Amino acid sequence: MTGKFVSVLRGLIFIVIALALCGVIFQFAGYSALGMFHSVAEGAFFRPGAWQQSLRWALPLFITAAGVGISFRAGYFNIGAQGQFYLGAICAAFMAEWLNGAPAFVVIPACFAAGMTGGALWALWPGLLRLQSGTDEVITTLMGNFLAGLLLVYVTAGPLKDPSGSGQQASSRPLAAAYRISDSLGLSPTIIVIAALVAVAMWLLVNRTAFGVLASLAGRNPTMVQWQGATVWRLGLSSFLISGALAGLAGTIEFMGPNGRLAGGFLPTHGFTAILIALVANLSVVGTAFVSVFFGGLASAALYLPIMAGLPSAAIEIINAAIALFITAKSGFVDRLLAIGRRSA
Amino acid sequence: MDNPALECRDVTVAYGSVMALSGVGIAFEQGKIHAVVGQNGAGKTTFARVAAGLVRPAAGELRINGQQVKTGKVKDARAAGVELVHQSFALPPSFTVAEAMEFGSDRGAAIFTRSALQKRWAPHLKSLDVNVDPKRRVRDLPVETQQGIEIARALVADARVLILDEPTAVLSPSGIEMLFERVRKLRDRGVTVILILHKIREVLAIADTVSVLRGGRLVDGPVACAEIGAKRLAEMIVGPAVARTLAPGDADAATGRGAPAAHTANHHTPADAGLVLDMRGVSTQSDAEGPALRDLSLTIKAGEIVGIAGVEGNGQRTLVRAIADLVDAMHGTLAVGGVDVTAAPLARRRAAGLRIIPFERNTEGLSLSSSLWENWSARELLQSRLLSAINPARLKKRCDEALQAWSVHYATTGQQAGSLSGGNAQKVILAREVDADAKLIIAAQPTRGLDIGATAFVWQSLREARDRGCGVLLISSDLDELFDISDRVVVMLSGEVAGTFSAPYRIGAVGAAMTGVSQ
């Protein structure tokens with residue numbers, strides 16, 4: 001337990017260091033650092049209605065990040081969450097278009113099934129390439145992101161194009177109100193229940209099944225589980241599929257909930273923020289939930305900053321980037337910090 | 001003694017809270033062969049690394065030829081003529097053998113072609129009986145071949161003091177004889193040779209003087225070998241307290257004291273016991289890890305320990321991987337515990353009673369960055385369905401019980417496997433693999449790197465498993481170990497069975513079979 005606590009603390013250390021760094025940068029750029037932090041905190045959590053906004057961003061991010069955590073645990077660096085998220089949204093949109101007119105209790109589950117399948121398929125081919133011929137999944141999933149982005153542009157400008165669109169941005173026809181799972185504020189009981197179900201299912205999978213223990217062993221040392229008689233490809237491919245399906249689920253939620261339609265290039269950083277969340281949370285499911293709320297808060301503050309504080313919303317991207325920088329440097333950096341602490345203690 | 005070739009004064013080295021060497025003062029006379037002995041963890045390797053400038057001691061000084069040398073500087077030690085051949089893993093993995101040889105010879109920045117390098121170094125390697133294609137990359141070679149290249153590499157440099165860290169561990173009996181011959185020739189040329197050894201028999205066969213380390217302290221030395229008996233030396237190595245607790249045969253095997261011929265069968269396998277391993281005519285293809293198995297047949301009865309002897313790289317690893325279904329068998333049949341598993345994956349072979357203590361404890365045996373309980377429960381978890389529910393608290397509790405029953409020293413079951421010492425790590429593997437349902441236990445180099453206490457523990461566990469009716473396949477490069485606990489020894493050469501021997505063993509005959517020399 002203490003070990004887990006320490007690892008969460010470690011994650012927090014990065015955020016603190018990253019925020020301090022951003023403060024320095026903003027101070028030099030002529031803004032008040034303290035004022036910025038104040039506005040971020042207000043925009044994320046303290047202004048009226050801020051919590052709803054933060055959760056609206058946090059829940060889909062959590063779902064994608066939980067999936068990312070599964071594949072990272074198993075030792076596969078699936079950074080294709082963004083593409084899998086898009087594929088989920090695209091497949092759900094096609095299903096909604098195809099079943100348009102059918103009753104909601106048919107259409108909504110069908111869209112979820114289509115979205116999760118789409119996301120899983122977009123993780124399947126990099127998984128197969130990796131496990132069959134050792135192709136580096138970092139490269140394939142990254143390429144998959146670009147392909148999915150282009151596919152999204154194509155379907156919104158082609159097969160699913162809204163003929164009455166303004167032409168500024170290609171997008172699909174709005175989803176009929178009966179099929180929406182939330183209004184455009186984006187927080188509804190349905191979404192909360194889905195996120196809660198994902199949280200419980202993933203926690204059980206990681207902590208209470210043989211799969212969880214074996215995948216984590218395989219992630220740290222595949223040779224050892226092979227000598228124990230595991231079929232490594234089964235563990236690996238399931239991790240790929242689960243992470244893809246969850247990203248697809250988040251894409252479906254964004255399409256059927258707050259967005260209500262597909263737009264070319266919508267939410268372009270969703271998948272990458274989710275990767276960041278999984279890393280800050282050290283791949284723990286409970287940690288991912290908390291860290292998602294923090295990043296959801298940042299996302300919500302990003303919309304608030306320009307209006308209320310006269311700050312560019314890119315400030316949030318700088319904060320995200322700074323956190324990413326420290327997280328990727330984490331092993332060496334913090335271990336050294338902690339070692340210094342021990343020596344002086 | 002004026003101007004000793006190498007002298008340490010009051011050298012102390014600490015790794016964290018562990019004292020690797022404490023106050024060691026020792027001087028080696030010029031132009032002699034000196035042995036430094038001690039069990040694993042006694043500080044032999046640390047001593048060698050201090051002498052070669054790889055480790056900077058916390059206190060003490062180092063003199064070479066009477067000149068004080070700055071400690072902790074490889075360059076200075078080299079310039080003074082000290083060369084160290086490491087136990088393993090010091091060659092650049094991506095180099096070819098020929099490149100590694102050239103790299104060690106410090107010839108400067110001339111331009112070479114690969115084939116020129118190969119032509120230059122092939123004879124040198126051959127003359128040292130290192131049988132390797134100079135075109136192959138170091139990383140593709142077994143550790144043992146790499147060490148052979150290391151020895152060849154240091155013998156190229158103009159060394160005045162040559163330190164060999166456990167050079168005999170990987171050689172066949174005749175290879176050892178050849179190495180000793182070479183060492184004697186070097187001595188006759190005036191080179192001072194310091195051999196780190198752990199076998200008394202070898203010390204007495206080659207060295208002029210012997211020094212004994214135990215627990216980081218110098219017990220005695222250098223003492224002229226002519227003045228000391230094997231029995232006294234054995235006691236100095238293990239310490240009088242441990243010497244009393246070891247079974248007589250184990251003490252001899254652990255210190256390499258006993259004449260191998262003295263081993264006699266002390267166990268009789270019932271003649272009608274069933275076969276737990278029945279391997280018939282198995283052939284594989286060769287790969288990076290070793291030669292192909294060629295039409296290999298091997299049987300093990302319940303309640304029998306069969307030892308596999310052989311120079312490393314003669315198919316022992318392939319044999320284990322063939323039994324574990326980690327290499328494809330081209331022909332032949334395989335049955336474990338009476339169940340035909342020729343076409344079965346490892347999971348089903350394990351279900352039939354196969355257990356494996358693999359060669360590489362830290363990669364194949366354990367996941368070092370995972371917790372003890374995860375490592376311990378892996379085998380069991382793989383025998384149920386992937387999505388079956390587990391209760392971590394109960395697994396941890398059972399792991400606690402199992403590890404305590406195997407007297408593993410650890411703090412909690414949540415600690416990383418990498419935090420354990422070699423002996424304790426091996427006990428975790430034993431606790432996992434030697435269970436009540438085991439029918440055939442493959443123990444591949446199970447005592448490598450362990451101290452005498454842990455080694456005796458492993459041997460005792462294997463004997464107990466045999467007495468319960470398990471069959472054991474023991475692969476070892478240590479003939480004393482094989483002779484001490486095997487009921488039968490099979491020699492492998494180039495992927496084939498080159499001979500089968502039973503007690504009393506004749507080391508000459510076994511050695512001849514290992515090298516393919518017919519007697």
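Treat the numbers as computed from the prediction; the structure is a model and nothing was measured. By convention in this document, chain letters (A, B, ...) are assigned in the order of the sequence lines, proteins followed by strands, and residues within each chain are numbered from 1.
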State, yes or no, whether a side-chain contact exists between [X] and [Y] at a heavy-atom distance under 4.5 Å.
X        : Y        : value
B:Trp373 : A:Val213 : yes
B:Val320 : A:Trp227 : yes
B:Leu386 : A:Leu235 : yes

Counting only non-hydrogen atoms closer than 4.5 Å, can you tell me which residues of residues 217-224 of chain A sit against chain B?
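Residues of residues 217-224 of chain A touching chain B at under 4.5 Å: A:Leu217, A:Arg220, A:Asn221, A:Thr223, A:Met224.
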Which portion of [X] sits near chain A, non-hydrogen atoms under 4.5 angstrom:
X        : answer
B:Asn362 : backbone
B:Arg432 : side chain
B:Glu380 : neither
B:Arg350 : side chain

How about [atom1] on [X], more than 12 heavy atoms from neighbouring residues, nucleotides or ligands closer than 6.0 Å, or not?
X        : atom1 : result
B:Asn391 : CG    : yes
A:Arg234 : CZ    : no
B:Gln383 : CD    : yes

Residues forming a side chain to side chain contact (heavy atoms under 4.5 Å, CB included) with A:Pro109, sequence neighbours excluded:
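So A:Pro109 forms no side chain to side chain contact (heavy atoms under 4.5 Å, CB included) with any residue.
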Flag the one option from A:Ala215, A:Gly229, A:Ser216 with the top tally of heavy-atom pairs under 4.5 Å to chain B.
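Most heavy-atom pairs within the cutoff with chain B belong to A:Gly229.
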Provide the closest heavy-atom pair for B:Ala378 versus A:Leu214 in the form atom of the first, atom of the second, distance.
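Result for this residue pair: O-CD2, 4.1 Å.
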Between B:Leu368, B:Leu387, B:Leu326, which residue shows the highest count of heavy-atom pairs closer than 4.5 Å to chain A?
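Answer, by heavy-atom pair count under 4.5 Å with chain A: B:Leu326.
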Would you say the side chains of A:Gln228 and B:Glu364 form a donor-acceptor pair under 3.5 Å?
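No.
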Working to the nearest 0.5 angstrom, can you tell me the gap between A:Gln226 CD and B:Thr363 OG1?
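A:Gln226 CD to B:Thr363 OG1: 11.0 Å, rounded to 0.5 Å.
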Region of A:Leu205 that comes under 4.5 Å of a non-hydrogen atom in chain B:
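Only the side chain of A:Leu205 comes within 4.5 Å of chain B.
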